[in-house]
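We name chains A, B, ... by the order of the sequence lines, and we start the count at 1 in each one.
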Number of protein chains: 2
Amino acid sequence: MDALETRELRYFVAVAEELHFGRAAERLGMAQPPLSRAIQQLERRLGVSLLERNRRGVSLTGAGEVLLHEGRAALDATTAAARRTRRAGGADSPGGPRNRLVLAVKAAGSHELLQKLLDAYAAEHDAAEIEVLLCGICEQEGLLRDGRADVALMHTPFNSLAGFDSEELLTEGQIAILPAGHPLAARKTLSLADVSDVPDLPLARWPRYGTYAPGPGPEIHDQTQLAQLIALGRTVAVVPDSARAWLWAEHTAVPLTDAPPVVTHIAWPAHSRSLALARLVRTATCL
Amino acid sequence: MDALETRELRYFVAVAEELHFGRAAERLGMAQPPLSRAIQQLERRLGVSLLERNRRGVSLTGAGEVLLHEGRAALDATTAAARRTRRAGGADSPGGPRNRLVLAVKAAGSHELLQKLLDAYAAEHDAAEIEVLLCGICEQEGLLRDGRADVALMHTPFNSLAGFDSEELLTEGQIAILPAGHPLAARKTLSLADVSDVPDLPLARWPRYGTYAPGPGPEIHDQTQLAQLIALGRTVAVVPDSARAWLWAEHTAVPLTDAPPVVTHIAWPAHSRSLALARLVRTATCL
DNA sequence: TCCTGTCATACCCGGTAGGTATCACCGGGG
DNA sequence: CCCCGGTGATACCTACCGGGTATGACAGGA
């Protein structure tokens, strides 16, 4: 039983995502016929049919769905291996593994916590160099998985901690951010039901585990966009308390009574064995 | 930047484990020169030196250590993808993903819990078929990681749950198992200090995260061997309470007052999306 | 009916993975 | 001191196969 080659996985994932051999081939920078053949070989080698070739386009079989999921995970692990090895090698000469960590943080996250963490860690005895990688709303998971980051600050219930090790750092309540002029902005407190049901102010939606939940509200990609939309009176958002730091004059924050608390974790790949990482985690939990 | 190929990872892991090109090549079923060349190409492509070629044999650089770890993880993910896809495909014709789960259980584990779980699940409306895969003392993690199993019963603090999702099922205390004739066997209770310090009865050692801690006691591979060694008066073991089920007449069990409790979890790969698995987990937690 | 868009097939070429033979190097023993 | 055994590296060749181009088969729509 021969193992899958990275190339085959890359090809299959491309086809499975595009559901179209021509487009997938273009994305891969190759011609369509060799791609067709490669997928056929893959199916033959696995002894399993992965794609349903319909008269118009392609669709995934059950096994195809499985390979799409597992293949993505395997590809991420492979590119992570390459990236982390390259980084470890850069400073091989000083002896011992490279003293440098990439920390992924949501750009809109609490500046206060991050600053405290960096300061406390920098004060440690021969601390590693920390490279802060600011990312979008929900990108930390991917960054950790494919090795672009070594450690991340994540926020449940927005991020999923599945597959990572983590430690709890901070718990905070949530607030609603409304356009300053809106009637609800005058209230002392609000409930989730209050803000979910406003006809003229649909609730903003963010990616959760990579996809957007259906709903009438706008899809949020970054914090600036959200702030603008609220200021324009187009939406209302439910966000952690620390978001008060970036409110505009056109915004009003109202505490929510029944929103689930947001917990900030420090998270890292489960199999990590780096000493520098362990020290950073210890610093973080002792803040 | 081109991705690592599975083949290259396989080659490197073999060399890194053997620390010897000739033996590694033999293990891979190929000649030594192409292997040397492949590793050189890999180093050039990564722009990193992975192996220190000494006058006699080879040793790993820092980057090499990283690639060994990460590469193993990536290879596991890749073979898991192949295995799970093959299994999913076997019953593709009936439509929908294959209704079959492989459950890894330590052979020496509690029969009672397992039986209850299987019965309860079998009673469910159109339950999946469960294949029970009995394994050695600490093999569940590897089985889950490389796709030979879909779900496992694991026991903290013996197994590591790192990288898996899990739910707690059962907590139990620990007991010491002694040769029936030993003086300590007459005691009503014991402490960890009592059983750690017996000169003529060194404490048995099991693999923890794959390796054995150093110590005078015998290394335990399976439960039968342990039972025999205790009966022969060669060792004493600290085990979960449910191990009383397999005691011999030559054994005596004494409760421990200060041993950490053993928690049985049901665990599965973090990215799993199978419906059958979710149902099994729900059944297990509702036992 | 033909045209269009899809994936599969036929065929060719070049790069490269792998094999064999050999070298370069070092340590140890007669 | 020199040669031998064992290490990894180099040289060179071959054959396979990954990829390209051209074309086919097939179904839907005007």
I need the full list of side-chain hydrogen bond (donor to acceptor under 3.5 Å, both in side chains) pairs touching residues 25-36 of chain B, with sequence neighbours left out, sorted by first then second residue.
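Output for this query lists E17(B)-R27(B), E18(B)-R27(B), Q32(B)-S36(B).
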Between [X] ([atom1]) and [N] ([atom2]), how many Å, whole number?
{"X": "L42(B)", "N": "dA17(C)", "atom1": "CG", "atom2": "C1'", "value": "15 Å"}
{"X": "H20(A)", "N": "dT4(C)", "atom1": "NE2", "atom2": "C1'", "value": "12 Å"}
{"X": "R44(A)", "N": "dA8(C)", "atom1": "CZ", "atom2": "P", "value": "11 Å"}

Before accepting this row, confirm whether a basic side-chain N of the pair E70(B)/R87(A) lies closer than 4.0 Å to the acidic partner's carboxylate O.
no
With sequence neighbours excluded, tell me which residues meet side chain to side chain donor-acceptor pair (under 3.5 Å) with [X].
{"X": "R145(B)", "answer": "none"}
{"X": "E219(A)", "answer": "none"}
{"X": "E124(A)", "answer": "R279(A), T283(A)"}

Residues from residues 24-40 of chain A sitting under 4.0 Å of DNA chain C, heavy atoms only?
Q32(A), P33(A), S36(A), R37(A), Q40(A)
Near DNA chain C, which residues from residues 4-17 of chain A have a heavy atom under 4.0 Å away?
none
Non-neighbouring partners of [X] that pass side chain to side chain contact (heavy atoms under 4.5 Å, CB included), sequence neighbours left out:
{"X": "A162(A)", "answer": "S160(A), D165(B), A270(B)"}
{"X": "V58(B)", "answer": "F21(B), L51(B)"}
{"X": "S59(A)", "answer": "E52(A), N54(A)"}
{"X": "A108(A)", "answer": "Q223(A)"}

In the 5' to 3' direction, the nucleotides of DNA chain D bounding the stretch that comes under 4.0 Å of a heavy atom in chain A are dG18(D) to dG28(D)
Identify, with sequence neighbours excluded, every residue that meets ring-ring contact (aromatic ring centres under 6.0 Å, His included) alongside H271(A).
none
